[in-house]
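Naming convention: chains lettered A, B, ... in sequence-line order (proteins, then strands); numbering from 1 in each chain.
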Protein chains: 2
Amino acid sequence: MNISEAGRRAGLPAKTIRFYEDIGLIQPARMGNGYRDFSEEDLHRLAFLRRARALGFSVEECRQLLGLYQDRTRTSADVKRLARQHLQRVDDQLAELQQMRATLAHLIQACSGDQSPDCPILADLAQSAKG
Amino acid sequence: MNISEAGRRAGLPAKTIRFYEDIGLIQPARMGNGYRDFSEEDLHRLAFLRRARALGFSVEECRQLLGLYQDRTRTSADVKRLARQHLQRVDDQLAELQQMRATLAHLIQACSGDQSPDCPILADLAQSAKG
DNA sequence: CCTTGACCCTCCATCTACTGGAAGGACCAT
DNA sequence: ATGGTCCTTCCAGTAGATGGAGGGTCAAGG
């Protein structure tokens with residue numbers, strides 16, 4: 001199977017698949033003419049990668065997850081630990097974004113948004129320069 | 001004032017301040033020996049930048065915000081529009097992260113985390129490869 | 001006068017996870 | 001033979017810094 005078909009079936013752009021090969025996440029075979037030749041196994045890994053990335057795992061975590069997936073001696077504890085670490089990071093990001101959102105929403109609400117130059121948003125940004 | 005003092009007062013690393021100069025966000029004067037010489041105005045801008053960045057505005061948006069701040073003919077509507085755009089992006093990111101979080105938490109909760117190799121997290125990641 | 005240490009400078013490389021594009025080969029239909 | 005659509009590799013660029021090499025500057029101490 002060539003790269004565009006593999007991309008279509010795995011839900012990934014061809015560019016991304018080549019990149020994943022570059023960094024060693026997959027090793028598709030090659031046809032006589034040098035074209036990549038994707039097996040069902042390759043497709044499986046690609047779809048696994050797509051889904052793990054969609055859950056926000058980093059590429060290195062995806063590499064570990066693929067390793068665990070392939071490793072018959074893994075324990076679910078190993079996987080759970082990785083997932084918990086990631087969840088913690090997601091929660092940290094959420095907390096930061098929510099804090100940003102609250103401040104932004106507050107400032108926007110306070111801003112009249114009219115033709116006057118007076119703006120509490122700019123005032124707030126500048127204020128910290130003084131405080 | 002030299003760069004480390006400016007950094008201390010503005011709450012930014014010296015590296016970041018040099019970077020901001022590189023991309024034209026500030027133009028500190030130079031002393032005879034080539035050292036940067038920061039004015040109160042420079043400090044003001046740096047602190048403004050730090051705070052705008054902390055609210056998640058991109059560097060280009062920060063450039064626009066600084067421009068508006070300096071522009072006496074601005075309207076608060078201009079600023080509010082920028083802030084609203086940014087809030088929308090923050091909300092989009094929040095929605096995505098919350099979706100990730102829900103899925104992750106669900107999978108983690110379903111995983112026994114023991115010595116067995118059976119793991120619903122890996123199963124879920126692999127499943128999409130089949131579905 | 002010399003050295004030591006703490007600054008400062010510029011320039012280049014690195015990070016994440018791709019994405020875009022150039023230059024050229026392969027293949028199929030007309 | 002020619003056009004169009006695939007494929008290949010390699011290089012550059014994105015955002016926003018951050019780390020480090022290699023070297024200049026300056027004040028204090030001996």
Rounded to whole angstroms, how far apart are [atom1] on [X] and [atom2] on [N]?
X	N	atom1	atom2	result
A:Phe57	C:dC18	CZ	P	15 Å
B:Phe19	C:dC12	CZ	P	16 Å
A:Ile3	C:dC18	CD1	P	14 Å
A:Asn2	C:dC28	CG	P	12 Å
B:Asp22	C:dT10	CG	P	8 Å
B:Arg8	C:dC7	CZ	C1'	15 Å
A:Glu61	C:dA17	CD	C1'	13 Å
B:Lys15	C:dC7	NZ	P	16 Å

Q.
Base, sugar-phosphate or nothing for A:Tyr20? Non-hydrogen atoms, less than 4.0 Å.
A. sugar-phosphate
(Q) Measuring to OP1 and OP2 of C:dT16, would you say a side-chain N or O of A:Ser58 lies under 4.0 angstrom away? (A) no
Q: Look at the side-chain N and O atoms of A:Arg18 and state whether any lies under 4.0 Å from the OP1 or OP2 oxygen of C:dA17.
A: no
(Q) If only side-chain N and O atoms count, and only distance matters, is there a donor-acceptor pair under 3.5 Å linking A:Ser76 with B:Asp114? (A) yes
Q | side-chain contact (heavy atoms from CB on, under 4.5 Å) involving A:Glu60 - partner list, sequence neighbours excluded | A | A:Ser58, A:Arg63
Q: Return the minimal non-hydrogen interatomic distance between A:His44 and A:Tyr69, and the atom names on each side.
A: NE2-OH, 3.1 Å
Q | Smallest separation among heavy atoms of A:Leu122 and B:Leu65, with atom names | A | CD2-O, 3.9 Å
Q: When you get a sec, tell me which of C:dC8, C:dT19, C:dC9 is the closest nucleotide to the side chain of B:Arg30?
A: C:dC9
(Q) Looking at B:Glu21 and B:Arg30, is there a salt bridge between them, counting it only when a charged N and a carboxylate O are closer than 4.0 Å? (A) yes
Q | Given DNA chain D, 5'-ward residue of the pair B:Glu60 and B:Tyr35, judged by closest heavy atom | A | B:Glu60
Q: Consider only side-chain heavy atoms of I, L, V, M, F, W and Y, link residues closer than 4.5 Å, and tell whether A:Tyr35 and A:Leu46 are in one cluster.
A: no
Q. Going 5' to 3' along DNA chain D, which nucleotides are the first and last within contact of chain B (any atom under 4.0 Å from a heavy atom)?
A. D:dG16 to D:dC26
